[in-house]
Structure formats: structure tokens, C-alpha cells
Amino acid sequence: MLTVVKVMTVHQDDIEKLAELARVRIPAEEAAEVTARIATILGLVDQLQSVDTAAVEPMANPLDAVQRLRADAVTEANQREAFQAIAPAVENGLYLVPKVIE
Amino acid sequence: MHDLSVAALALGLRNRDFSSTELTQHCLQRIRALDPHYNSFISVDEVGALDAARQADARLAAGETAPLLGIPLAHKDIFCTSGLRTSCGSKMLDNFIPPYDATVTRRLRDAGTVLLGKTNMDEFAMGSSSETSFYGSSRNPWDTSRVPGGSSGGSAAAVAARLVPLATGTDTGGSIRQPASFCGITGLKPTYGRVSRLGMVAYASSLDQGGPMARTAEDCALLLNAIAGFDPQDSTSSEQPVEDYTAQLAQPLSGLRIGLPREYFGEGLEQATGERVRAALALLELQGATLVDITLPHTGLSIPTYYIIAPAEASTNLSRYDGVRYGHRCENPRNLHDLYTRSRQEGFGEEVKRRILVGTYALSAGYYDAYYRKAQQVRRLIRQDFLDAFTDVDVIAGPTTPGPAFGLGAKTSDPVSMYLEDVYTLAVNLAGLPAMSVPAGQVNGLPVGLQLIGQHFDESRLLNVAHQLQQASDWHLQLPPEAGL
Amino acid sequence: MNWEVVIGLEVHLQLATESKIFSGAATRFGAEPNTQACAVDLAMPGMLPVLNEQAVRYAVMFGLGIGAEIGLRSVFDRKNYFYPDLPKGYQISQFQEPIVGRGHFDIQLEDGSVRRIGITRAHLEEDAGKSLHEDFHDQTGIDLNRAGTPLLEIVSEPDLRSAEEAVAYLKTLHSLVTSLGISDGNMAEGSMRCDINLSLRPAGSETLGTRAEIKNVNSFRFVEKAIHHEVERQADILESGGKVVQETRLYDADRDETRSMRSKEVANDYRYFPEPDLLPVVIEQSWVDSIRASLPELPAARRERFIADYGLGAYDATVLAAERPLAEFYEAVAKGCGDAKIAANWVQVELLGQLNRNDLQLSESPVHAPALAVLLQRILDGSISGKIGKQVFEAMWAGEGDADSIIEARGLRQVSDSSALRAMVAEVIRDNPEQVQQYLAADEGRRKKLSGFFVGQIMKLSRGQANPQMVSNLLNEQLADAGKNGDT
């Protein structure tokens, strides 16, 4: 039923770049295996390229619905205490992260 | 008590045959005794459940008769529950206790249900076997060496093992229907937009939909009645009016046209499973339905389409887990980059990271048009297949899965073979349609599911067909071996 | 080498909504940290955005104000990057289908010339939170109150050619958005923030040079300084044979320099795609038409009206029409006193002068429009002279009361009693025979000059309260008489 047009080649350093973009780390010993798996998935996905979609509008929503607008009203009260009770590091009402250098 | 349907339990509660507290205690006892075999729960909230049961008993005593008042249930651990850990099956959220309820959770609290606990699932709903859970695999009550399916595997196993009469699930690519099929229960994925996604941890926003899992179609209808409806806080929620989903259950099937997609009965479908599905369809025919051959030509493309759209959306939905405001944070981050990378490295499991990488790839510069945009175009073609078919038939039917539950670990090393398992369920999510899985007999002691697919917002018709099938069969009443204890 | 400066500006404008663009949290400035950050703003699991209608209306108002095409269908996208002030790990913005398309407005330069500046587009997006770097033992504190505040990002064409033009552009834009009432335009609170894209090219060249982007410049003065500095920096590089690097730079107001922000440059790949939690925004033409019908008067139209209705000159009209509060103040004074020109003069010279000297906003002025109008009436009806009027205005500014009570209390009412004035004129003529002789001997031209001397003496005698018009008439009369007498 499907024609595979081309098999996408993904290299290990591509995967490392993606991992950096996504802020995940692939341990060196797993990099090759992860690369191979992703290449297989992308191979599957390359089947899409065989379909002619020149005249097809991308479908963002299954019902082709449009955005509803909300009245401009303040409905949320301050819940800082509840939210920060589950935060890993806070001080004086601020969330803490390692120093950001600009 | 645990063998009664929700409708029968509600009657028993109203007639004071037993109290909600007794019913809740009974369920909790079964969970304590049996769940070590199934690992279907991540969290059990005994204190909260007994408290809710007492409140329900007070309301019952005051003469209230709400249909789910005092009925115990379990939520898939993807629905936020105020004050009760919501882990989504991930180490990332192992310590996450939300200060708010999901809309589904709130509606069911308001309906007077008794929340027993949160069920096991594939991490962030990414999987078809419940094996990617940080809390270990759930097991299939029909054969504990096999998977219960996924990602709502815990809910399916808990309902099948009669630990709880009702559970919620979510379905992004089959995650209600496939485990329902594997565990021999009834599950409904509603039309996209029918049930609010607010407070339901997002996997793939344009595909995710919550729905009921229960033993019967009637019980699913009762649960859907409580959770369906417009939510102003979910932009993708539909304003389409809600029906009473129990109203059409008794409708006879005469004149009903059921379409059988050629693509769902071809190569890949295991023979014995196909036979069970055809036998169930023959029962429907006996009740007056007409079976019609149809074609859904883009079916095969639903796998690549789904495996672009879902990871792409997931890759960015999961960016919020950064160790800053909640969730897992690594020890002693050296700098900001280390905080992000190590927290996410430690917090996410392998399948989640793999899908994040695939999604990141699909969206990265130069690939958006070729992948995500292309997939959204093909998605329209897939939906059009269904719309064309529905000009001739009322309901579409076929198998839920190519075969019954597979063994634990059988497919974990080959994600693509696992993805291929979803071939009959994915297109429904891409098209936003409602669909059910209904028990249709067994193959070698393992349940098989019949899938019913309806037009947008035609949940009543699906429930009607499933209910009529269940009136004429006893597949949904079969008890897994160890659950009889 | 003679360089041409090419500047395009991206302005991030906070819209004056009550609640955030995608949540019901308040947008008020200056609240305690994280007290206006709700579950949606904090990107808690399962939280979803819902679009604020007012933000969309304000964007449409802006589009109509610059004669732009309004996107009847616009789409929100996710712009993905990790930063601690961006809780979701993506910013919801509009990339391919913005709500406001191509438009333009005119800016007026100090020499009176007018230039038309193109607007490429304007789109809606959410603001990020704030990072606070001080006092947290080598950690950064994150305040997410600002996260989710609606922004309109307004992108100009690279049509600006100097710091002066850039500042005129920003002032005109400021006047437009405050007149529309869609933003408070408060630059000190970050309501209007500016990124500058700047490149140089040899004068006469058509191709654009490599540009640098200077981020987050937050006052008119800093925009001017940052541009001057950056022009010099790029010219130095080019003249010494180097190449300008395309990069993001930060203007450091304390050191008056721009420096490279390398940290933000690392492999930006924003992976834009349509936000699946929001649906396409589709607005009706009829809604746009109704917004158009209810638009307040805009500065350009007001300026034309001031010229046509009040007979103001182009410069006066531009100044007075630019900001709605000043324009309203001026019109109240003009209508109250009945003379648009004297009102224009007083509002610009006396009122704005005092405000500037005291570093006050118009809203803080101790003299209100109706009170100023009464003062001008007293000048116009001859009760006091213009010069005395200035004294009265200063007293009003100092809080001594209204014009009439000050005139009364200080006895400043103009002497218009003709017999008293006649006596004073006669006295001055009698006491200055030499000057009278000079006057009589002079021709018409010199006579005018010399009569000033007599007027001055008379005003002195009356302690400034003589009605100048009457003095002038009586003086002419009596000098003419003196001439006749002399002849005989």
C-alpha cells in the first residue's frame, strides 16, 4: 500500500544537536542506538512524502473550529503560597535558578 | 458487589442494600489484596476515598439521587487531582501534588463519586503497553505475563479485575480503546472537544481526549454524562450541546448501516482475532443492522502522520518540565543549562526522550514543511476518507487491534513494531471522531475488542450499538481468572 | 566614506488590558513577585490558554490607526526556546499569519518636513517574566507577574535614516497608541520597549549592509544614544576594513555602550508551529467596521482639524494634537476663553514651560484648563494686560487661588478709566519736553519707536496696570495736540 520514497539518514551529531535544542542528554554509550531508532522512525515517516498534498489545506483542528474569545476580566486571585509550596527552590516569593548571565 | 454494573450499584445505594462506605471499603480491600498482581494503581487514597464515601452517604441519606452519587472510581494518573499526587507515570512528576483539579476530576467530584486512587499508565501517555511507566509495568488480569495495553493500561486492568467499577482514561492514538480491548472491557474515546482537556496533562494537544472505561456501554454512558460538555477554559472544547447518553441505549438496530473498512480486515490482522470480530458483527446483523464494505484509502498513512504530529506537539508540551517551578530538579545544578539538561535527563524515561527528539527534529528549521505541515495536510485526507464513508453508513466497525495482548517486554526493543500495533486506532484521533472498543470474545483466553467508530458527536449511536451487542452477548461479563478471588 | 544609516524598529507594546492575554490573572504593574501569576502563567501541567477579546480589539484598533490590512484570519504559533522567564518553554506568538498586515504613518521632523514610514506587520504575543539578578547568593530570582501580559509587536520597514527619525517615529507611535487608548505607553515601566535593527551602507548604495540588533532600549533618549553609539561602532569597523557581524547587542545605559549578547545567540532554532491549544482567530468584517466607527480621533486627523478649525500653524498644531490629554486640555482652554490662538500660545509657552521646568506630567499640573481659560478671558476683556497675566499665572501655579481672586487681592486690575489715564499721559508729556520735541521732529517710522518710550513711562507710572490700547490712543491724541500747539 505504501511506497517508501527515501530513507532518511540521521547522523549521531544531528541527534546531539537535537538533544541540545530539547535540553535532554543522550549518554555517549546510548547515542548510537538512539540514533538508529530515530532513523527507523523517520524512515517510517518518509512514507508521507509520496502523497500529493499540493491542494490540501493543513488541518489544525478536526472540527475546523475557530478560536473563542474571552471577556477581559480578572478572574484569578493570588495563589502564590499554594503554587510555591510545590516549587523546588524559592526565596522572597521568587523562583530561584542558577545565575543567568547575559 | 464488585460484579455489579454501575447502574446496579447506584440502585443498591439508593435502596440502602449497602452504603457507599461499605462499597468503597470493599473496593479498597480488593485493591490491597489483588493489585500487587496487576500494579494497576500508582496511588491509592484510602483516607480521601472513605471521606468522600461518608459525604456521599450523607447526601444519599438526604434523598439525593444523582446517578453516580457514592460510586467509586479511579482516574488515570494524567488527570490533575487537587491535593493528590498526579505523576503521569513519570519520575518528573513523582513529587507533583497539584493545587487544582482537572475539569473532569472536578465534575466527577461534584457528581458525588468516590475517588479511590490514580491508575498506572505509560509515561506521559507515550506507549501502547503501560511498560514505560516509572512505576513499573501494569499487568493484564487475563494473563499477568502480558501487557494490559496502554497508555491507559492501569485503568483497563483495574476495571477488568473488578477493583473499581469505573475509570477514566485518555486516548491520543488508541490509549483508551486498545487497553479496553486487551483487558476485555468497554472504553469510549469521545469526539475531540467533547470532554475538557483542562487539567489533563498534555501529550499531543490536537489529538488528546479523555473518556470513560467501564465494563458495559451503559456504565460508559453514565460516566460520559458526567464529564462531557463545554469548558470555557479549554479553547478546543466544543459548544455542541450535550445529550443524555443513556437515552438512546435501547434503540433497536434495524436499519443501521455499518461500514467495514477493507483496510481493517486485510494483511496484518491476526486470523483468530478477525474471526471474533466478524462473529460480533454477525450478531449485530442478526439484530437488524446491514454490513457494508467500505474503503478508507489513507489508513496506512495514519501511522507516519501520527508519529509526526504527536511527537512534534509533545516535544514542546514537555518543555515546561524544567525543574524550576515544580517537578523533578537535579541536585546542585552547576548552571542554568545543567539545571535544564540534567533535570530533564533524570526526570524523563527513554521513550519520552525518544519522542521529544523525533518531535524536535520534525519541527526544526528546514523540516517543518516536509514533516509537520505535510502531516497536517495528510490528516485532512484521512478525515475526508471518513466523511466520505459516512455519507453511506452510520457507523464504521472493525477490530480494535490486530491481535490480543502481547507479552511483557515483547516489543520494547522495537518501537516501530509497537507503533504498528496502533494501525486501526490512530486514524480516529487524527480525524477527531468518537470511537469505542467493546468486548467481542476471546482468543486463547485473551480478550478481543470490536471497534466502533462514529460521526463527530455521535457518541449516543456508538453507545446504542455497543449496548445492543451487550444485550445479545456475555463477552463483557467474562471474569479474568484471578479476579474471582 | 559617507555612510547611510538604515534603521528598522521593532516595538513591543504592552496592551492596556485588565487581564492577561491567555489567562484571567491581573496585569497591574508593581505587584509583589509572583502574586499575579496564575496556573496558566506558571505553565502548570494541563493548563490551557484562552484568548482575551480586548487584546484582539486593541490590535485591530492599532491596525485601523495605521491604515493596515486587518488579518480576518490570524494564527498563533509556538516559538520554542528555553529560558527561566518563559515558563512553558515556548512563547505564544504569531509568526506566519499576523493580525495586522502592512500599514504606515507619517512622522514630522524638526525642520518641518514629513516622512512616511512603512509598518511591515504587527502581531499579538505574550510577554515573558522578569529575571532579577541581585541578592540571591549567585542565583537569579524569577518573577512571573509579567508573563502573559499582552504585547503587540510592531515591526517597521527599514525606512528610518537617523537617530532623529527613529525618535520621531517612536514619539509619533507613542502619541498614536495613547490616543487610541490601547496602551499607557509608560516607557519607564516597560510598556513600550524597542529593539533597533541598524546597518550602514555607502551613501547611494541600494543593497543593505549587515545589521546588528540592539535589544530592549527603553527610553527615547537611550534610543538616540544607542543609535549614535552603534553607528560609530559600525563605521569604525567598516572603515578599518572589517565586517559587521550579524548579532544581538545590548545597550548598557550606565556605560553608554552596546555590547554583544553571545549567550542568546547559541543556535537559535525556534521551531515555530501553529499552537494546537488555540484555534485560528477568525474575526468578522462587521466587527472590524464597528471598531472603526468607534475609534477615537487620531493625532494626524486632530492636527488637520486644529489647522482648519482653529487656524493654528502646522508646528503648533502638531505639538498640541500629538497626545490626547494635551489636545483635550488645549481645546478646553480655547473653547473656554474663546480665542484659539491666544490659547495655543499660552498652553505651549506658559503651561508646557512650567511643566518642563518642574518636571511634571500634564495630569499633575496645578492649573487646570477651566482656570487657565478664565485667566485668558481677563486678558481678552482688557481687565489685565498680557504681561500682568503672566504674573497671575505664576500665582495660580503657586496655589494662590483663581485668576479673579489674585487680580483682586493684588489690585492688578487694569486702569481703563480714561480721565485717570489722560492725566497720566499729560504728566509724562509735561515731564519729558525734550523727547516730545524729538518725537515731533521725527518721521513716521522713528515716531513709532519713540512712542514706546512714552508708553513705558506711563506703564511705570501706573505700575503696569494701564490699559495699553487706551494708553496708545490717548498718547497719540495728546502728542498730536502738542504738535499743533507747538506750530502755533
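The sequence lines fix the lettering, A, B, ..., with proteins before strands; numbering per chain opens at 1. No hydrogens, no waters, no symmetry mates; every other heavy atom, side chains included, goes into these values.
In terms of heavy atoms, A:P98 sits closest to B:L336 at CB-N, 3.7 Å. Contact between A:Y95 and B:V324 at its shortest, heavy atoms only, is CD2-O, 3.7 Å. Residues B:Q376 and A:A60 approach most closely at NE2-CA, 4.0 Å, considering heavy atoms. Between B:K374 and A:T53, the shortest heavy-atom distance links the atoms NZ-OG1, 3.1 Å.
Separation of atoms CE (A:M59) and CD1 (B:I382) is listed at 8.5 Å; rounding is to 0.5 Å. Atom CG of A:L48 and atom OG1 of B:T305 lie 4.5 Å apart (nearest 0.5 Å). Once rounded to the nearest 0.5 Å, the distance linking CD of B:Q377 with CG of A:D52 reads 9.5 Å.
Of the listed residues B:T341, B:T360, B:I309, the one with more heavy-atom pairs under 4.5 angstrom with chain A than any other is B:T341. For the set B:R354, B:R334, B:K353, B:R342, the count of heavy-atom pairs under 4.5 angstrom toward chain A peaks at B:R354. Among B:A370, B:S237, B:S238, the residue with the largest count of heavy-atom pairs under 4.5 Å with chain A is B:A370. When each of A:D14, A:I15, A:V24 is scored by its heavy-atom pairs under 4.5 Å with chain B, the top score falls to A:V24. When the candidates A:Q79, A:E57, A:R23 are compared by the number of heavy-atom contacts under 4.5 Å with chain B, A:R23 comes out ahead. Per-residue heavy-atom pair counts under 4.5 Å with chain A were compared for B:H337, B:R373, B:Q233, and the maximum is reached by B:H337. Note: B:R379 leads B:H328, B:R379, B:E346, B:Q384 in heavy-atom pairs under 4.5 Å with chain A.
Only the side chain of A:Q67 has a heavy atom closer than 4.5 Å to any heavy atom of chain B. Interface remark: B:S319 contributes no atoms to any contact with chain A (heavy atom separation under 4.5 Å). For A:R68, the part sitting under 4.5 Å from any heavy atom of chain B is the side chain, from C-beta outward, and nothing else. The parts of B:L357 that come within reach of chain A are both its backbone and its side chain, each placing non-hydrogen atoms under 4.5 angstrom from that chain. Of the atoms belonging to A:A19, heavy atoms from both backbone and side chain fall under 4.5 Å from chain B. Contact annotation for B:F457: only side-chain heavy atoms (C-beta onward) come within less than 4.5 Å of a heavy atom of chain A. In this structure, no portion of B:L433 lies under 4.5 Å from any heavy atom of chain A. Residue B:D234 touches chain A through its backbone alone, counting heavy-atom pairs closer than 4.5 Å. If you measure heavy-atom distances from B:A375 to chain A, the contacts under 4.5 Å come from both the backbone and the side chain. Both the backbone and the side chain of A:D64 come within less than 4.5 Å of a heavy atom of chain B. For a residue to count as touching a neighbouring chain, one of its non-hydrogen atoms must lie under 4.5 Å from one of that chain's; by this rule B:T316 does not touch chain A. Heavy atoms closer than 4.5 Å to chain A are found in the side chain of B:F96, but not in its backbone.
Within a 6.0 Å sphere centred on CD of A:Q12, heavy atoms belonging to other residues, nucleotides or ligands number more than 12.
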Can A:Q84 and B:Y326 be said to form a side-chain contact (heavy atoms from CB on, under 4.5 Å), step by step? CA-CA 8 Å; A:Q84 297 200 338; B:Y326 51 80; over 6 Å; no
Under the side-chain contact (heavy atoms from CB on, under 4.5 Å) rule, what do A:V97 and B:D322 come out as? Steps first, then yes or no, please. CA-CA 10 Å; A:V97 297; B:D322 58 7; over 6 Å; no
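Listed for the B:R329 side chain is no donor-acceptor partner under 3.5 Å among the backbone atoms of A:P88. Side-chain atoms of B:R325 never come within 3.5 Å of backbone atoms of A:I86 as a donor-acceptor pair (strictly under, hydrogens ignored).
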